[in-house]
Amino acid sequence: MKYRFFLALLLVPAADGLIAVQGNAVATRSYMQEASSQAHTALRLAVAALSGHLNRYQALPALIADHDDVKELVTRPNDRQLRGTVNSYLKEINGLLKSSDIYVILPNGNTIAASNYDGPTSFVGENFSYRPYFQDALKGEQSRFYALGTTSLKRGYYFGAPVRIGGDIRGVIVFKVDIETIEASWQGGEYRIFVSDPEGIIFMSGNPEWLYAGILPLTAERLARTEASRRYADAVLHQLPAVQSELSGHRVLRVSGGSDREYLVLSHYMPEADWTVNVLADTGSVRTQALTTVAAVMLLLCLTGLAIAIFIQRRARLRERILMQEQLERRVEERTADLARVNTQIEAEIAERRLTEQQLRQTQADLIQAGKLAGLGQMSAALSHEFNQPLAAAKTYADSAALLIERGRTAEASDNVRRISGLIDRMASISRHLRNFARKPNEKLGPVRLDEVMRDTLEIVAARIKTAGAKMDIQLDGDLMVRAGSVRLQQVLVNVISNAADAVEGLDDRKLSVRASREDGKAVLTVRDRGGGVAPSVAERIFDPFYTTKGVGRGLGLGLSISYNIIKDFGGSLTVSNHPEGGAVFRIELALAGQTGREAAE
C-alpha cells in the first residue's frame, strides 16, 4: 500500500501538467471566440458609421454639376464676375453641408472655382489632373478617392462628377469630405480601429503614430503605385513594426515598439471606398482569463488529489495495524503451542510458505503490469506527439473541403482530399517506424549500416525538423558499418537530433550539421546545432535521469539519459561539448563492425 500511495503522489503532478496544457489551450480558444464576437460587433459599427458618413455626400456632386452657374462657368472660365458668383455659391453650399471643400476643375486639370477661394490654401489655380478622381470623372463616371490633400495637407474622401454641356464633358465638380471627426471617435476606446488602402498603408487610425504606416511590406511596386496618384502627398511612409500570426484559429498581430502588444484582428473590405476597415482587440485580457480559469481548475484538482492521497494513506495505516496485530497473535500462539503439536506447526509453516509464494506471484504480476503501463505510456506519448499535427491538419482540410463542395468549388475540394491522403500516408509511415521500435527486443549486437539508420531516423524526426524550421546538413561515409543494434541506435539519433532542433527553434541560424567518419579505428558521429551551447553546470548533469533544461511540460529529462546508457551498452561513448563557433556538439563513438566487444541485447 505504501508503494501505491507514493505512486499516486507521483502521478498527480504529471496529470496536472497535462491538464494544464490542454486546459489552457481550450480556455484560450473559448475566450478568443468570445473576444472575436465582440470585436466583430465593433467592426460592423465602424463600417456602418463610415458608410453612413460617406453616403450623405455621394449624390451631391452630380446635383451641383447640374447647376446653371457651374455649367456657364466651365463654358466661360475667364468671366471674372461669373467666377465670383460660383465661388460664393460653393462656399455657401460647403458651409451648409459641412463638407471640407467643393471645387470646379476644367478638362486640363486647372481649378477655376472653389469654396476656399478666399483662404490661405485656396485651390483656385491648382492643377489636379494627376488625381484618379479627376481622371475617372472626365471619363463620365461618378468617381471616388481618398487621399492626403497636396495643397491643404488634410486627409479627406473625394467625390467627383462630370459637368456636362449637351453631350460633352466640359469640367469636373469635386466634393472633399472631412473624415477626422469619425477618426476622433475611435480614440480612447476599447478597440483600436484603423483603415488601410489596397497597398496596406494605414490612412485612418485612432492612434496617430500608426498613420501612413504599412502593415504589408512596402515594396517598390507598392510605393510606385502610391506615388503615381500622390495619394499621400509628401507624407513619410514607414513600416509598422508588426508580425502577423495565428492563435487558436484567429488572426493576431503582434506590434512592437514602445510596448510589445498582441491584438486579435478582424477586417472588412469596403469595395465602394476601396479600403479595408480593421478592428484590433488586445489579447492580454484573453490570456489572463484563460490562465485564471486553468489556475482555478488546477487548484480544485490539487485539493481533490490531496484528499484522495490522505484517504489512501489512512487506509494503508489501518491495514498495517491489522497485519501487525495478526502477526503478534500468531507469534503468541507459536510460542505457547504445545511441543506435542509439531505436526501442526509444520503444516502452519507450509501454509505460510504457500502464502509467501502467492504474495511473490502477486508482486511479480504487479511488476509486469507496471512494465506494461510504462510501455503503454511511452507508446501513447510517441503516438500523440507524431500524430497530433497530421490529424489537426487533416481536420482543417476536411472542414475546408466540405465548405468548398457546398460552394461548388470541387477542384479545390479535390486538392484538399489529396492533401488529406498525403497526411494519411505520412501517419502510416510514422506507424511503420513506431512498430520497428517494438520488434526483436532480444536482438544481439551486429553490423549496422549508419546511412540506413540515419535515413530511417530522418523519417521519424521530419515533422519535428519542419516545426522548428531547421535545415539538415548531413555528410556520412557511405560504407560506414558500426557494431550496434539498429533500432536502439535509431532511438539515440532521434533523441539527439530532436534536442538539437529544440535548441535552434526561433533562432536566425537553424542549421543542424551531422557528420560521420572514421577516427583512430572507431566510428565517430557528431550532431551540431547553432544554439546557445551547453553551460558547464548543465554539461555535468545533462546525462542524469530526470534532468532537463526545457520548460515545464516539454520534457521529462530521460531522453539523453537513456541514449547515454544505450551507447554505453554498445561499448561506445556519448559526450557533449561546445563548438568554438557557437552551439552544442554531441559526439558518439562506436566500434567499427568486425571489431571485438561485449554484446548487449537490443
To the closest 0.5 Å, what do you measure between CG (Leu328) and CE (Met324)?
8.5 Å
Quick one: are Val576 and Val538 in side-chain contact, heavy atoms under 4.5 Å?
no
To the nearest 0.5 Å, how far apart are CD in Glu334 and OG1 in Thr344?
12.0 Å
Of Asn495, Val494, Val487, which meets side chain to side chain contact (heavy atoms under 4.5 Å, CB included) against Gln491?
Asn495
Give a yes or no on whether a salt bridge exists between Glu333 and Arg331, defined as a side-chain N under 4.0 angstrom from a carboxylate O.
no
Residues Glu412 and Arg407 bridged, charged N to O under 4.0 Å
no
Run Val504 and Asp509 through side-chain contact (heavy atoms from CB on, under 4.5 Å) and show every step you take.
CA-CA 7 Å; Val504 300; Asp509 189 354; over 6 Å; no
Measure the shortest side-chain to side-chain distance between Leu266 and Asn278 over non-hydrogen atoms and say whether it is less than 4.5 angstrom.
no
Work out which heavy atom in Val448 is nearest to a heavy atom in Ser486; give both atom names and the distance.
CG2-N, 3.8 Å
Any salt bridge linking Asp399 with Lys395? Criterion: basic side-chain nitrogen under 4.0 Å from a carboxylate oxygen.
yes
Got more than 12 heavy atoms from elsewhere within 6.0 Å of CZ, Arg330?
yes
Does Ile588 form a side-chain contact (heavy atoms from CB on, under 4.5 Å) with Val527? I'd like the steps, not just the answer.
CA-CA 9 Å; Ile588 301 173; Val527 178; 5.7 Å; no
For Asp529 and Ala584, indicate whether the former's side chain and the latter's backbone hold a donor-acceptor pair under 3.5 Å.
yes
To the nearest 0.5 angstrom, please state how far the CZ atom of Arg541 sits from the CG atom of Leu560.
13.5 Å
Identify the two heavy atoms, one from Ala501 and one from Ile465, that lie closest to each other, and give their separation to 0.1 Å.
CB-CD1, 4.0 Å
Do Arg587 and Glu519 sit within salt-bridge range, that is, some charged N less than 4.0 Å from a carboxylate O?
yes
Approximate separation, where rounding is to 0.5 Å, of Ser414 OG and Leu404 CG:
9.5 Å
Residue pair Glu589 / Ile567: nearest heavy atoms and the distance that separates them
O-CG2, 4.2 Å
Please tell me if the side chains of Leu525 and Val514 come closer than 4.5 Å, counting only heavy atoms from C-beta onward.
yes
Rounded to the nearest 0.5 Å, how far apart are CG of Asp473 and NZ of Lys511?
4.5 Å
Please test Arg449 against Asp451 for salt bridge (charged side-chain N to carboxylate O under 4.0 Å, His left out), starting from the C-alpha separation and ending with a verdict.
CA-CA 6 Å; Arg449 287 187 63 89; Asp451 55 349; 3.0 Å; yes
Any Val279 side-chain heavy atom under 4.5 Å of Arg192 side chain
no
Step by step, work out the side-chain contact (heavy atoms from CB on, under 4.5 Å) result for Ile566 and Ile562.
CA-CA 6 Å; Ile566 290 175; Ile562 294 173; 3.8 Å; yes
Residues Leu306, Ile310; criterion side-chain contact (heavy atoms from CB on, under 4.5 Å); working and verdict:
CA-CA 6 Å; Leu306 180 60; Ile310 292 174; 4.1 Å; yes
Any heavy-atom pair between the side chains of Arg254 and Val252 that's under 4.5 Å?
no
Is a side-chain N or O of Ser400 found less than 3.5 angstrom from the main chain of Thr396, in a donor-acceptor match?
no
Taking C-beta and beyond as the side chain, do Leu458 and Ile474 meet within less than 4.5 Å on heavy atoms?
yes
Minimum heavy-atom distance between Val585 and His579, given as atom pair plus value:
CG2-CB, 3.7 Å
How many angstroms lie between atom CD1 of Ile322 and atom CD of Gln327, to the nearest 0.5 angstrom?
12.5 Å
Using modelled atom types and a 3.5 Å cut-off, is there a donor and acceptor pairing between side-chain atoms of Arg315 and backbone atoms of Ile312?
no
Nearest non-hydrogen partners of Ala401 and Ala413, listed with the distance
O-CB, 3.9 Å
Residue pair Arg530, Ser513: steps toward the side chain to side chain donor-acceptor pair (under 3.5 Å) verdict
CA-CA 9 Å; Arg530 267 67 173 180; Ser513 300; 2.7 Å; yes
Would you kindly say whether Ser517 and Asp477 are connected by a side-chain donor-acceptor distance under 3.5 Å?
no
Checking the side chain of Arg483 only, and the main-chain atoms of Gly446 only, is there a donor and an acceptor separated by less than 3.5 Å?
no
Is the shortest heavy-atom distance from the side chain of Leu280 to the side chain of Tyr191 under 4.5 Å?
no
For Ala484 and Leu489, which heavy atoms make the closest approach, and how far apart are they?
CB-CD2, 4.3 Å
Could you tell me whether Arg251 atom CZ has more than 12 heavy atoms of other residues or ligands within 6.0 Å of it?
yes
Leu574 versus Lys568: any side-chain heavy-atom pair under 4.5 Å?
no
